[in-house]
Amino acid sequence: MSRGVTGSEDVATPAGAALLRFLASGDRGRAILLLVRPYSAPELMFQAWVLAMRRTFSREVDSQRVSAYLQGVIDRRGGPVPASHVAELVDLAFNNSQAASRRVKKHLAPVLLDLVRSEFPSGERRAELVHAAEVRVARLRRKSRKRPTREGRVVSSPTGGPTSVVGQILKAQAAYDGELLSSLPDEESGQAAWDVVGRAVVAVLRQRFPQSPSAELMAQFAARTASSSQDVRLDRVLAETVVRDALLVRPTDAFDAPDDLVLHTKIMAFVQAVEDLGLYSWEVDRIIRAAERAAEEAGVRLTAMP
């Protein structure tokens, strides 16, 4: 399995291969066959749609363009539909909602095909999208403690990842990989943890918010960050404070909260931004490795992986 900025990633499951054939053919009739496949095929198509939507639109400041796009695709297919249906699709794509009705979910396949034609036109990019969806399905199952799919273990490239303990910890958090997290040693240097996490969260938040976010967008992001944590001390106000500080040209790193809680908040913000952007595993690795290199160049001594 190869990986790079433009490199392809082989799909790892039969469901992934079936989804890739569907995307290559553009035949909507295949969607019915895909959705009745056993195990993970319907979930895989949904997660590929989520990723395609997030990678295309997650940097949008105004949700009106997203809604207009969705309405346009549905209209071409024979719409129009009520605005509430479009709102449900937006909620599905960006808020981790699973509550949309069947009449709304029927629009997923045509929207996915349209996005693939415009944003993922090459076979290499389609394969990368499908493999990322496989990884996402496995990651979300780990998060919810479900059993892994019987169709095979989905893995990412073992090379090119973080080389420090704190980098691996950050990667494991973003992947919801509790097994990896529990197997890692503790980071011995508080400075290393603070520096690498701080640099990584600044980088990913500036991708997530390339323009100054509205109060509403910031509040929504902070609320999701706080709700993803099991630490009751992490509330929306602290999350928003940490995120806004990271987006400053010269962050202050001065907070009215314990250092361990601030560091935890930054990790949760990193994970949430990765989730919102639909980043691939190699993209997460690249961000963390850049943070590691910058920390080392600044004279910070990192604890290397054994």
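All of these numbers come straight from a predicted model, not from anything done at the bench.
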Using every non-hydrogen atom in the two residues, find where [X] and [Y] come nearest and quote the distance to one decimal.
X	Y	result
Ala269	Thr225	N-CG2, 3.7 Å
Leu277	Ser58	CD2-OG, 3.4 Å
Ala295	Val196	CB-CG2, 4.0 Å
Pro121	Arg126	O-NH1, 2.8 Å
Asp91	Asn95	OD1-ND2, 2.7 Å
Ala132	Leu51	C-CD1, 3.6 Å

Nearest-0.5 Å distance that lies between atom [atom1] in [X] and atom [atom2] in [Y]:
X	Y	atom1	atom2	answer
Ser212	Arg244	OG	CZ	6.5 Å
Arg199	Leu170	CZ	CG	14.0 Å
Phe120	Leu23	CZ	CG	10.0 Å
Phe255	Thr265	CZ	OG1	8.5 Å
Leu19	His131	CG	NE2	13.5 Å
Asp114	Glu119	CG	CD	9.0 Å

Exercise for the section: Verify whether the ring centers belonging to Phe57 and Phe94 lie closer than 6.0 Å. Expected result: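 Centroid distance Phe57-Phe94: not below 6.0 Å, so no.
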
Look at the side-chain heavy atoms of Ile, Leu, Val, Met, Phe, Trp and Tyr, link any pair under 4.5 Å apart, and say whether [X] and [Y] land in one connected group.
X	Y	value
Tyr69	Val50	yes
Ile169	Met268	no
Val165	Ile267	no
Val271	Leu180	no
Leu181	Tyr176	no

Would you call [X]-[Y] a salt bridge at under 4.0 Å N-O?
X	Y	result
Arg289	Glu292	yes
Arg141	Glu43	yes
Asp245	Lys266	no
Arg139	Asp177	no
Glu283	Arg55	yes
Arg293	Glu297	no
Glu275	Arg136	yes

Exercise for the section: Apply side chain to side chain contact (heavy atoms under 4.5 Å, CB included) to the pair Met305 and Leu184, showing each step before the final yes or no. Expected result: CA-CA 9 Å; Met305 286 294 297; Leu184 293 170; 3.5 Å; yes

Problem - Audit row: Arg125, Ser122, side chain to side chain contact (heavy atoms under 4.5 Å, CB included) steps and yes/no - result: CA-CA 5 Å; Arg125 294 194 66 188; Ser122 70; 3.2 Å; yes

Completion exercise
For Val237, the hydrophobic cluster (side chain heavy atoms closer than 4.5 Å, chained through members) also holds none

Do [X] and [Y] come within less than 4.5 Å of each other through their side chains, counting heavy atoms only?
X	Y	answer
Leu113	Arg117	yes
Thr303	Val166	no
Val262	Trp194	yes
Leu279	Val204	yes
Gln47	Leu140	yes
Asp195	Ser189	no
Asp276	Arg224	yes
Leu89	Lys105	no

Practice task
Using the side chain to side chain contact (heavy atoms under 4.5 Å, CB included) rule, take Val284 and Phe270 through it: C-alpha gap first, then chi angles, then the decisive distance, then the call.
Solution key: CA-CA 10 Å; Val284 177; Phe270 179 87; 4.1 Å; yes

Any donor-acceptor pair under 3.5 Å from [X] side chain to [Y] backbone:
X	Y	answer
Thr56	Met53	no
Arg206	Leu248	yes
Arg236	Ser227	no

Exercise for the section: Would you please classify the geometry between the His85 ring and the His107 ring as parallel, tilted or perpendicular, with 30° and 60° separating the classes? Expected result: tilted

Handout entry: Distance-only donor-acceptor check, side chains Thr13 and Glu134, under 3.5 Å
Key =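 Present: a donor and an acceptor within the cut-off.
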
Handout entry: Test log, rule side chain to side chain contact (heavy atoms under 4.5 Å, CB included), inputs Val201 and Gln272
Key = CA-CA 10 Å; Val201 76; Gln272 189 60 55; over 6 Å; no

